[in-house]
Structure formats: structure tokens, C-alpha cells
Number of protein chains: 4
Amino acid sequence: MGSTGSTVTPKRTAAPTGRRAELLATAAEVFAEQGYSATTVRTIADRAGMLAGSLYYHFDSKESMADEILSGFLHDLWDGYERIETAGLAPRATFERLVAESFAQMERHRPAVVIYQKEARGLASLPRFGYLAESQRRFRELWTATLERGVADGSFRPGLDVPLAYRFVRDTVWVAAVWFRPDGRKSTAEVAGQYASMVLDGISAP
Amino acid sequence: MGSTGSTVTPKRTAAPTGRRAELLATAAEVFAEQGYSATTVRTIADRAGMLAGSLYYHFDSKESMADEILSGFLHDLWDGYERIETAGLAPRATFERLVAESFAQMERHRPAVVIYQKEARGLASLPRFGYLAESQRRFRELWTATLERGVADGSFRPGLDVPLAYRFVRDTVWVAAVWFRPDGRKSTAEVAGQYASMVLDGISAP
Amino acid sequence: MGSTGSTVTPKRTAAPTGRRAELLATAAEVFAEQGYSATTVRTIADRAGMLAGSLYYHFDSKESMADEILSGFLHDLWDGYERIETAGLAPRATFERLVAESFAQMERHRPAVVIYQKEARGLASLPRFGYLAESQRRFRELWTATLERGVADGSFRPGLDVPLAYRFVRDTVWVAAVWFRPDGRKSTAEVAGQYASMVLDGISAP
Amino acid sequence: MGSTGSTVTPKRTAAPTGRRAELLATAAEVFAEQGYSATTVRTIADRAGMLAGSLYYHFDSKESMADEILSGFLHDLWDGYERIETAGLAPRATFERLVAESFAQMERHRPAVVIYQKEARGLASLPRFGYLAESQRRFRELWTATLERGVADGSFRPGLDVPLAYRFVRDTVWVAAVWFRPDGRKSTAEVAGQYASMVLDGISAP
DNA sequence: CATGAATGAGCCTTCATTCAT
DNA sequence: GATGAATGAAGGCTCATTCAT
């Protein structure tokens with residue numbers, strides 16, 4: 001996870017705090033705006049009001065910044081998803097809760113989600129980012145299982161092409177991070193609710 | 001655009017042919033796989049079996065390759081969209097045709113669509129890519145108008161949040177380019193049909 | 001011009017100091033020896049004992065090095081010329097002082113003068129070097145006016161072809177920078193005096 | 001001399017004719033305008049209405065073009081100078097004839113003279129341009145001898161610093177190539193006469 | 001004679017990274 | 001904690017040159 005394991009923070013993979021957290025937030029914003037590859041550490045440093053070299057007091061490398069950003073996001077995401085999994089709700093309710101949780105994570109980690117969306121494929125080839133592939137697998141299993149349970153119990157369409165629907169839902173939800181800004185008039189929960197409704201019931205008149 | 005203005009190709013901005021087209025296809029694949037910024041011209045050249053410098057016999061710059069790829073795609077896309085616009089169909093049918101046309105373009109220009117998806121924001125700031133913003137505007141108008149017509153005539157849900165639905169549909173359709181491969185068992189039209197059905201009618205059981 | 005605007009150097013466009021000044025001196029020597037275009041930044045860096053890329057910590061570009069070299073020289077030159085202009089001396093004395101000042105500048109800025117001589121035409125087309133044309137115009141006006149005043153008051157030959165004489169003098173003086181080395185036996189003022197004498201009185205026996 | 005020694009031109013170092021001569025003239029102009037190093041063969045080819053590669057049918061290399069241009073000029077120059085040398089005239093007359101001959105060569109070979117002026121130092125290090133140094137030596141000997149003879153017989157100033165005067169004259173005469181255009185109102189001989197007069201008798205009133 | 005296409009070396013520049021201060 | 005200066009590897013691009021057609 002790229003945690004430095006300092007003695008000050010006894011919790012494993014403690015969330016970064018203070019200056020470190022600010023710098024990560026800055027880096028995440030820039031990565032999200034310009035893309036990981038097109039971002040230079042100088043841009044991050046400029047935005048943080050320091051020189052490029054000074055970043056290396058806080059982080060090992062540009063890569064480790066991305067690592068910490070992404071793993072922090074995925075850590076929180078799975079915390080939330082696990083709570084839903086263990087709640088043992090019906091498929092449709094599970095589905096709605098998963099969408100809501102995803103939007104909640106976008107609220108907390110919007111830049112990280114954008115980075116995940118755009119860069120996961122490229123970064124996943126690096127050993128240190130092995131957890132990305134692992135997370136994707138778990139993600140697919142969770143959503144696919146939910147869809148299949150829903151088809152089985154009749155709450156989702158009979159004959160639904162589950163792999164296709166999975167990709168549809170996955171992309172549909174995450175890509176929202178590109179435009180989603182929680183400072184709008186609607187609460188995050190409202191947007192998530194409307195989104196889930198569109199996916200579940202379609203946009204056609206019934 | 002490097003149009004040769006030869007008498008053989010009366011169309012403006014004639015589609016590149018021969019070696020040039022091959023190289024563009026190669027470049028588009030690499031851009032789509034690795035991202036524009038992370039792609040080196042050497043990678044493109046390697047894949048094309050030539051040296052990096054040799055690319056510059058055919059193209060002015062890396063940027064101009066991206067330009068030609070994107071403008072070629074958008075050119076074809078609008079050809080198709082315009083045919084649908086002028087057909088004057090009912091909202092739902094228009095919607096279905098637009099989704100089908102989008103998938104048809106993905107079949108022809110899959111890498112270009114991926115590039116468009118990932119890099120449009122970054123490239124749009126360059127003057128030469130001004131047409132990207134212009135295309136986005138037209139795109140939004142077309143889809144938004146279709147959604148509004150559908151709400152008005154009762155074929156889409158009353159009270160549909162059109163701007164939200166627009167973004168939902170836009171992302172949902174284009175992001176499919178990342179995984180869509182026409183060489184599967186289903187025809188492009190079939191996939192498009194199922195996709196449109198999910199968006200229109202939802203994945204829930206009626 | 002990279003002026004730091006520090007409170008220590010009240011003069012506008014403070015002359016570069018320290019490392020920066022050393023590097024500029026090195027660059028100027030190489031440009032003068034090999035020509036701007038034939039000079040590679042690697043050669044400059046080698047001579048300065050660093051790697052080519054390291055130059056870019058100090059300067060924006062090869063072009064900006066030439067810029068700083070030339071504008072520094074012209075700045076000092078006009079400082080000197082202005083003092084002579086405002087002294088309001090008779091034409092012949094003005095002429096002698098201008099020649100002396102020109103040689104004095106060659107002593108301080110010899111490589112810059114050589115660069116100016118050889119590259120001004122080529123560089124002047126770049127917008128950032130617009131001041132070269134401006135300086136040339138002022139230069140011509142100053143010398144031409146001096147020649148004309150001398151013809152008018154009888155200290156220069158009646159019927160002197162002033163435009164021709166101007167070009168003669170201009171080239172004659174500046175081209176000396178190619179061979180002039182102040183470390184010779186004669187002082188700069190002596191060489192300048194002999195030079196002025198040749199131009200004014202000719203090399204023939206009276 | 002880079003002559004191809006074709007059987008059609010039995011004369012040694014035959015002056016290039018036809019297409020070849022045209023191309024050399026074009027190349028000389030571009031070299032003179034932009035400098036040897038800053039000139040690309042593509043620019044020359046463009047100006048000649050052909051592709052860069054096509055030049056290599058006519059010439060071995062860019063270097064050999066410069067070679068042929070410079071050696072052609074020096075060949076003609078020494079033809080003229082030798083005629084003056086063998087005429088055995090008095091120093092002042094020799095001087096005047098040398099200046100006149102120099103201007104005559106500028107009329108025929110103006111771009112070559114400019115190239116010689118700017119690039120001789122840089123090119124002289126290449127083995128094939130060994131004749132440049134040789135020519136410079138002869139040149140210095142001829143002019144220096146003339147000056148010394150003039151001092152000895154009293155036609156030039158007693159105490160004239162001959163090496164200084166030589167450099168003065170050399171630069172003064174050749175640098176005129178930069179601006180000299182024979183299409184002006186004055187004939188070449190007239191300009192040369194005025195020039196010689198300025199050098200010999202000065203610009204001051206007697 | 002000239003073109004079209006490619007080569008290979010080298011150029012200017014960028015950038016992640018290091019390290020003494 | 002941060003700066004200033006440098007490194008070294010690469011990256012995009014240029015250009016003289018070659019050669020089959």
C-alpha cells in the first residue's frame with residue numbers, strides 16, 4: 001500500500017494525514033485532470049507550492065503517489081462494499097446499495113476514481129499495482145453474483161445477458177466520476193438513486 | 001489534413017489510403033492501448049516495422065497523427081448521425097438508431113473511440129483540436145433533443161432528468177468501446193440492440 | 001531576460017551573475033567559434049563540465065542563451081554610445097570616441113560581437129530578437145548623423161558618399177572582433193586609435 | 001574540386017555548366033542567406049524545384065556543394081590576382097587594382113564570397129577544404145607584400161602597422177560582399193574606386 | 001533524371017530522480 | 001522540510017544520405 005510504516009501511526013495502512021495527505025490530494029487532482037503520464041511532478045509541486053525535488057522528501061516516486069491514491073480509494077471502497085455484502089439483502093436492494101456506495105466513494109475519492117478509470121489498465125502491468133487486478137476480479141464477482149441472484153429470483157429480467165449487463169453497469173457507474181461533483185443541488189444519495197433507477201428501470205416510460 | 005487534392009478523390013479531406021492509412025491504424029491502436037501521452041513514436045514505428053524518424057516522412061508530428069485519427073472518426077460519425085437526424089423518426093426509434101450507429105462506428109473506429117474517450121479533454125485545449133469541443137456540443141444537442149422529444153411525446157419517462165440522462169447515455173455508449181470487439185459471437189447490431197434495450201427498459205423485470 | 005528583480009540589483013535586467021554568467025560566457029565563446037547553428041548544446045555543456053540537460057535548469061532554450069548574450073552586449077554598447085552622444089563633441093572627436101567605445105565593447109563582449117556580426121541576420125527574423133533590428137536602426141542613425149555633421153562642417157571630405165562610408169565604417173569596425181584579442185602588446189585604446197586613424201586619414205602617405 | 005571528371009568536359013576543374021551550375025548557384029544563395037550549417041538540403045532542393053534526394057544525383061554531398069562553390073570562386077579570384085601580380089605595377093596602383101578585382105569577383109561570385117567570409121573558419125578544419133588555408137596564406141602574402149612595398153617606397157605611411165593594416169583591408173574589402181549588389185546605380189568599378197579611395201586616403205578632409 | 005520512402009545519427013528538450021546544504 | 005543544482009535516460013523531431021523504381 002505504500003504506507004511508510006512510521007512509528008507514529010500504529011494502524012496498518014493508516015490514512016495519510018497532514019501535509020502528506022494534502023500533497024496526495026493535490027497529486028490526485030492533477031493526475032485526474034491531466035492523466036498520470038502527462039502529469040509532471042513539477043506540476044504537482046507547483047500546485048503544492050514547493051519545488052519538484054522536495055516532493056521526494058515525502059514520497060519515494062511518482063508511482064508511489066499513484067499507488068497510495070489508488071490503494072487508499074480501494075481500501076475505503078471495499079470497506080463499504082463488504083458492509084453491503086454482509087448485510088445479505090435481496091438482489092435489487094443490494095444493487096441499489098452498491099450504486100449508492102459507489103457514488104459515496106466518488107464523493108470522497110473523486111480524483112482517485114477518475115485515475116482508476118483511466119489508468120488502471122496501464123498501471124496494472126507494474127508489480128506494485130497487482131492489487132488492481134485483484135480488486136477488479138472481486139468487483140466483477142460481487143456484481144455478477146448480484147445480477148445472477150436477481151435473474152434467479154425473478155427480480156431482474158429473465159434471459160439477461162449477465163456479462164454484458166455487468167460491463168454496462170460497471171462502466172456506467174464509474175464513468176460518472178468524470179462529471180460528478182457533489183457540490184450540486186442534489187445530494188449524492190439522490191443522484192445515486194436516480195442513476196440506479198435509470199439502470200434498473202430504464203429511461204422509457206413504463 | 002494532408003489531403004492531396006488529387007482528382008481521383010473528389011471528397012474533401014479524403015480518407016488516407018495505403019501506407020498512410022496503415023500507419024494511422026497502427027498509431028490509433030497504440031494510442032488506445034497506452035494512452036496518447038504514454039505512447040512514444042518509437043513504439044508506433046516499431047509496430048509498423050520502421051524507425052521512429054521515418055514516421056515523419058508521412059506525418060508532421062505525433063499530434064497530427066492523433067488529429068487525423070480523431071477527425072477521421074468524427075467525420076464518419078457525423079455522416080451516420082446526420083442520416084438519422086434527417087430521417088425524422090420518433091424519439092425511441094431515433095434513440096435506437098443512434099445507439100446502433102454508435103456501435104457501428106466503434107466497429108470501424110474502435111481505437112479512435114477509445115482515444116476520444118480518454119484524451120478528448122486533454123487535447124481539446126490545443127487549437128488544432130478545436131473541432132472536438134464543437135463536436136461535443138453538437139453531440140449533446142442531438143441526444144438531448146432526442147431525449148426531450150421523447151419526454152414530450154410520452155415515450156420516455158415523465159420527469160426524466162434530461163441532463164443527467166444525457167450524461168448517463170453518453171458515457172454508457174462510448175465507454176463500451178473499451179471492451180467491445182466485433183469479432184464475438186454476436187453481431188454488432190445485436191450487441192447494440194441489447195445495449196439500447198438495457199438503457200431504455202432497464203435491467204429489472206418489468 | 002531572467003532578471004530576478006531582487007532588491008539587491010536596482011538596475012533593470014540585472015547582468016547575470018555567478019553560475020549563470022559563467023555559463024553564458026561559455027556559450028558565447030562556443031557560438032562565436034562555431035556559429036550558432038553549428039553549436040550543439042552538448043558542446044556548451046561539455047565545456048561547462050555538465051550534461052546537456054543540466055543547462056535547462058538555468059536557461060529555457062539555446063535560443064534564450066543567444067538572446068541573453070546579445071541583449072547584454074547591446075545594453076552595454078548603448079550605455080557607452082549614449083554617453084558619447086550626450087557629450088556633444090565635434091564630428092571627428094565623436095567618431096574617434098565611437099570607434100574607441102566599440103573596441104572597448106569588443107574587449108568586454110568579444111564573443112557577443114562575433115555572434116552579432118555573424119548571426120544577427122538569421123536571428124532577427126525571430127520575434128524575440130526584434131530588438132536587433134531596432135538596434136541596427138539606431139546604430140545607423142547615430143553613425144550616419146555623425147558622418148553628415150562632419151561633411152557639413154568640413155571635417156570630413158566634401159562629397160563623401162555617406163551611405164557607402166557608413167557601411168564601410170560599420171563593417172570595418174565590427175569585423176575586427178573576429179581577430180581582436182586585448183591580451184596583445186597594445187592596449188585596446190591604442191588599437192582603436194590606430195584603427196580610427198586608418199579610417200579617417202587613410203593608409204596612404206599624406 | 002569535386003568535379004566528376006566526365007568525358008564531356010575535358011578541361012580540368014571545368015566550370016560547371018547547365019543544370020549543375022544552376023543548382024550550385026541556388027545552393028550558394030541559400031548558404032549565403034542562411035549560413036551553411038543552418039541550410040538544409042531540402043531548402044536548396046525546394047528552391048530548385050526538386051526533392052532533396054534528387055540533389056544526390058548531381059552532387060555527392062552538401063559538403064561537396066560548398067566545396068565546389070568555394071573552389072570555383074577562389075579559382076577565378078586567383079586568376080585575376082595573378083594577372084595583377086605579374087603586371088608589376090607600383091604599390092598604390094597594385095592596391096587599387098586588387099580592390100577593383102575583389103569587387104569584380106563579388107559581382108560574379110557574391111554568394112560565394114559571403115560563404116567564404118562566414119564559413120571559412122569552420123570548414124577549414126575539414127581535410128577537403130585544405131585549400132582554404134592555403135589560399136588565405138597566399139592572400140596574406142600578396143597584400144602584405146604590397147603594403148610593405150608601399151611603405152618602403154614612401155607611397156604608404158611611414159610606420160604603418162602592416163599586420164594591422166592588412167587585417168583592416170582584408171575584412172573591409174570582403175565584408176562588403178554582404179551588402180554589395182551590382183544592380184545599383186554605380187558600376188562595380190566606381191564602387192571599388194570609392195572604396196579604395198576611402199581606404200587609401202581616409203574619409204577626413206585632407 | 002527524379003521520386004518516394006526509408007535509414008541512422010544526432011539534436012534540443014523534458015523529466016523523474018538524487019543529494020549536498 | 002525544503003532548496004538549488006545536477007544527472008541520465010528518454011522523447012519528439014530533423015536532416016543528410018541512400019536506393020529501388
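Just so we're clear, the structure is a prediction, and the values are computed from it rather than from any experiment. Computed over heavy atoms, backbone and side chain alike; hydrogens, waters and symmetry mates excluded. Numbered from 1 within each chain, the chains take letters A, B, ... in sequence-line order.
Listed by first residue number, the stems of DNA chain E with at least three Watson-Crick or G-U pairs below 3.5 Å are E:2-21 with F:2-21.
Residue pairs meeting the salt bridge (charged side-chain N to carboxylate O under 4.0 Å, His left out) criterion with at least one member in residues 110-119 of chain B: none, sequence neighbours excluded.
Checking E:dA2, E:dC12, E:dA16 against every side-chain atom of D:His58, the shortest atom distance belongs to E:dA2.
The 5' end of DNA chain E is approached more closely, in terms of each residue's nearest nucleotide, by C:Met65 than by the other of C:Met65 and A:Asp60. Comparing D:Glu63 and B:Tyr36 against DNA chain F, the residue whose closest nucleotide sits nearer the 5' end is B:Tyr36. Between B:Ser37 and C:Arg19, the residue whose closest nucleotide on DNA chain F is further toward the 5' end is C:Arg19.
When rounded to the nearest whole Å, the span between CD of A:Gln34 and P of E:dC15 equals 10 Å. Remark: P of E:dA2 and CD of D:Glu22 are 10 Å apart, rounded to the nearest angstrom.
Scanning all heavy atoms of the two residues, the minimum distance from D:Ala48 to D:Thr26 falls at N-CG2, 4.3 Å. In this structure, B:Ala28 and B:Pro111 approach most closely via the heavy-atom pair O-CB, 3.5 Å. Summarising the geometry of D:Ala32 relative to D:Ile115, their closest heavy-atom pair is N-CG1, 3.8 Å, with the distance given to 0.1 Å.
Considering only heavy atoms from C-beta on, A:Met65 comes within 4.5 Å of A:Phe31 through its side chain. Residues C:Leu132 and C:Tyr116 have side chains in contact (heavy-atom distance under 4.5 Å, counting atoms from C-beta outward).
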Determine all donor-acceptor pairs shorter than 3.5 Å in which one atom belongs to a side chain in residues 36-44 of chain D; sequence neighbours excluded.
| unit_1 | atom_1 | unit_2 | atom_2 | d |
| --- | --- | --- | --- | --- |
| D:Tyr36 | OH | D:Glu63 | N | 3.4 |
| D:Thr39 | OG1 | D:Val30 | O | 3.4 |
| D:Thr39 | OG1 | D:Gly35 | O | 2.6 |
| D:Thr40 | OG1 | D:Arg42 | N | 3.4 |
| D:Thr40 | OG1 | D:Thr43 | N | 3.0 |
| D:Thr40 | OG1 | D:Thr43 | OG1 | 2.9 |

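Taking a heavy-atom distance under 4.0 Å as the criterion, the stretch of DNA chain F touched by chain C extends 5' to 3' from F:dG4 to F:dG8.
A donor-acceptor pair is defined here as one N or O able to donate and one able to accept, closer than 3.5 Å; such a pair exists between the side chain of B:Arg20 and the backbone of B:His58. When atom types are taken as modelled, the side chain of A:Ser64 and the backbone of A:Asp67 share no donor-acceptor pair closer than 3.5 angstrom.
Taking every heavy atom of residues 43-56 of chain D and every atom of DNA chain F, pairs under 4.0 Å involve D:Gly53, D:Tyr56, by number.
Taking CD of B:Glu68 as the reference point, atom CG of B:Leu70 lies at 10.5 Å (rounded to 0.5 Å).
Not counting sequence neighbours, C:Phe129 has no partner by the ring-ring contact (aromatic ring centres under 6.0 Å, His included) test.
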